[in-house]
Amino acid sequence: MEGQDGQGFGAGALSTSQPPIETDALVIGAGPVGLFQVFQLGLLEISCHVVDALPFAGGQCVQLYGDKPNYDIPGTPVTTGSGLVESLLRQVEPFAPQFHFGQQVATMERQGDGRLLLGTSRGTTFLARTVFIAAGVGAFLPKHIAVPGIETFEGTRLFYHPESLARFAGQTVVVHGGDDEALEAALALLDHAKAVALLHRRDAFQAEEETVARVRDRIAAGALRLVIGQPQAFDGSTLEVCTPDERTVSLALDAWLAYPGISPRLGPIADWGLQLARKQVPVDTEKYETCERGVFAVGDINSYPGKKKLIVCGFHEATLAAWAATAIVFPDKAIPLQYTTTSTRLHELLGVKH
Ligand SMILES: Cc1cc2nc3c(=O)[nH]c(=O)nc-3n(C[C@H](O)[C@H](O)[C@H](O)COP(=O)(O)OP(=O)(O)OC[C@H]3O[C@@H](n4cnc5c(N)ncnc54)[C@H](O)[C@@H]3O)c2cc1C
């Protein structure tokens, strides 16, 4: 996919050293509805950038049910969460949207000229004429471990859900967690790290049977050290773990790789001055616009009488919101409705050859 930046989960402080990226539209959230929003904006020749807190596109479809079948996408008798997202990504390709992954949109402020200035957790800023909040149930961010003072080691000694394991080659590593992601990381590191310990709160894992069997095998062979307990203190080089029988085990390490899981958080959207009703953003059902002009909300994040949190409803909302945005992006132009079947202009935009 063209135009991607960002990696891992955004955690840095806001800094605005670069000038803001100017854009017709900023889409917050690359879930299924955010992706279809990009498509509808593209058909209307509205350029856009897309930001997501996750390091990849797909929202709930990929994060929560990537391999599971889905039977209610129009014209698609069956697909999976990941399959749907792959199709949506292919569909938006002609419009070359710029993706900014691994960062959370943190701030939104109206400027004197009517545009909106938005800033992310990685310091990227945007000056947008319109904003589409497609934030679903909130930003998917890693849960944090409750050990006092450990935040100072984030990114140097403590790594939440690291995207790449390459940097840990030759190091003494503690992999902390009991799901597939943690177990796969521990197994992968056995070939490259100096020593690997697997830390989990109990002697049972929530992972595929086959993965658990491979881990048990490596533990039995003495290649992987298993430590059962809860972390209680960390000074950057020694992790103290309290075992179920209340002993303290000290683990010397170069890197603590933590896999506590991901959970959605509404986060900063609550501070943008929008009305909120039960953590949703109320919109009208003509434009799917919030109480702020030019700020639309589509998909699971919005609310209106009769709202259903279904992908197909989000697709409809995104279509009408894109049309409503034309009045702001092209105030002096009447935009005719064109069919993708017959319009030569739409074929040009889609790169379709006859
Ligand atoms: C198990 C399960 C099965 C389902 N099955 C079906 C089904 O069969 N049919 C159906 O129609 N629906 C189904 N759904 C519901 C469907 O997945 C949701 O309706 C859909 O994902 C909503 O899409 P969305 O794009 O609005 O939000 P999401 O998919 O939640 O995506 C929102 C994205 O926004 C990002 N985000 C949020 N806040 C920020 C921020 N401040 N900055 C940056 N990024 C941010 C998040 O990280 C996320 O990636 C299912 C849901 C679940 C949990």
Side-chain angles (χ1 to χ4, degrees), residues 5-6 8-12 14 26-40 49-85 88-89 92 99-108 116 118-126 128 131-143 161 262-272 274 276 279-281 283 288 295-304 307-319 321:
D5 69 33
F9 289 94
L14 278 176
L26 184 73
V27 178
I28 303 173
V33 179
L35 292 176
F36 196 65
Q37 186 67 70
V38 171
F39 181 72
Q40 287 296 335
H49 286 250
V50 187
V51 182
D52 203 297
L54 283 170
F56 44 76
Q60 294 173 57
C61 294
V62 170
Q63 187 63 43
L64 301 182
Y65 59 99
D67 297 334
K68 295 217 166 61
N70 177 313
Y71 302 98
D72 59 350
I73 301 302
T76 306
V78 62
T79 183
T80 57
S82 296
L84 171 63
V85 169
L88 287 164
L89 284 170
V92 300
F99 286 97
H100 306 265
F101 289 123
Q103 41 197 316
Q104 187 181 19
V105 178
T107 55
M108 180 173 79
L116 294 136
L118 298 106
T120 77
S121 52
R122 279 183 188 268
T124 314
T125 51
F126 300 90
V131 170
F132 294 80
I133 304 175
V137 284
F140 282 102
L141 296 169
K143 293 177 190 164
H161 298 266
I262 309 284
S263 69
R265 261 173 277 159
L266 187 63
I269 295 173
D271 305 325
W272 295 348
L274 302 170
L276 283 183
K279 296 191 177 175
Q280 309 312 141
V281 182
V283 290
Y288 296 91
V295 179
F296 303 87
V298 292
D300 280 12
I301 190 75
N302 73 14
S303 75
Y304 53 85
K307 168 73 184 180
K308 298 284 175 281
K309 287 189 182 181
L310 287 169
I311 295 165
V312 67
C313 299
F315 288 172
H316 164 80
E317 296 157 14
T319 307

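Counting starts at 1 for both ligands and their atoms, in listed order.
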Could you name the protein residues that come within less than 4.0 Å of ligand 1, counting only heavy atoms, and order them by chain and residue number? I28, G29, G31, P32, V33, G34, V51, D52, A53, L54, G59, Q60, L64, Y65, N70, D72, Q103, Q104, V105, A134, A135, G136, V137, G138, A139, F140, G299, D300, K309, L310, I311

Closest non-hydrogen atom pair between L118 and A128, with its separation: CD1-CB, 4.1 Å

Let me have the donor-acceptor pairs involving side chains of residues 28-38, under 3.5 Å, with sequence neighbours excluded, atom names and distances please.
unit_1, atom_1, unit_2, atom_2, d
Q37, NE2, A318, O, 3.1

State yes or no: are the ring centers of Y288 and F132 separated by less than 6.0 Å? no

Pair F126 + H100: ring centers closer than 6.0 Å: yes

Those residues at least two apart in sequence (or on a different chain) that pass side chain to side chain donor-acceptor pair (under 3.5 Å) with N302 are K307, E317

Suppose we screen for side chain to side chain donor-acceptor pair (under 3.5 Å). Which residues come up paired with K279, at least two apart in sequence or across chains? none

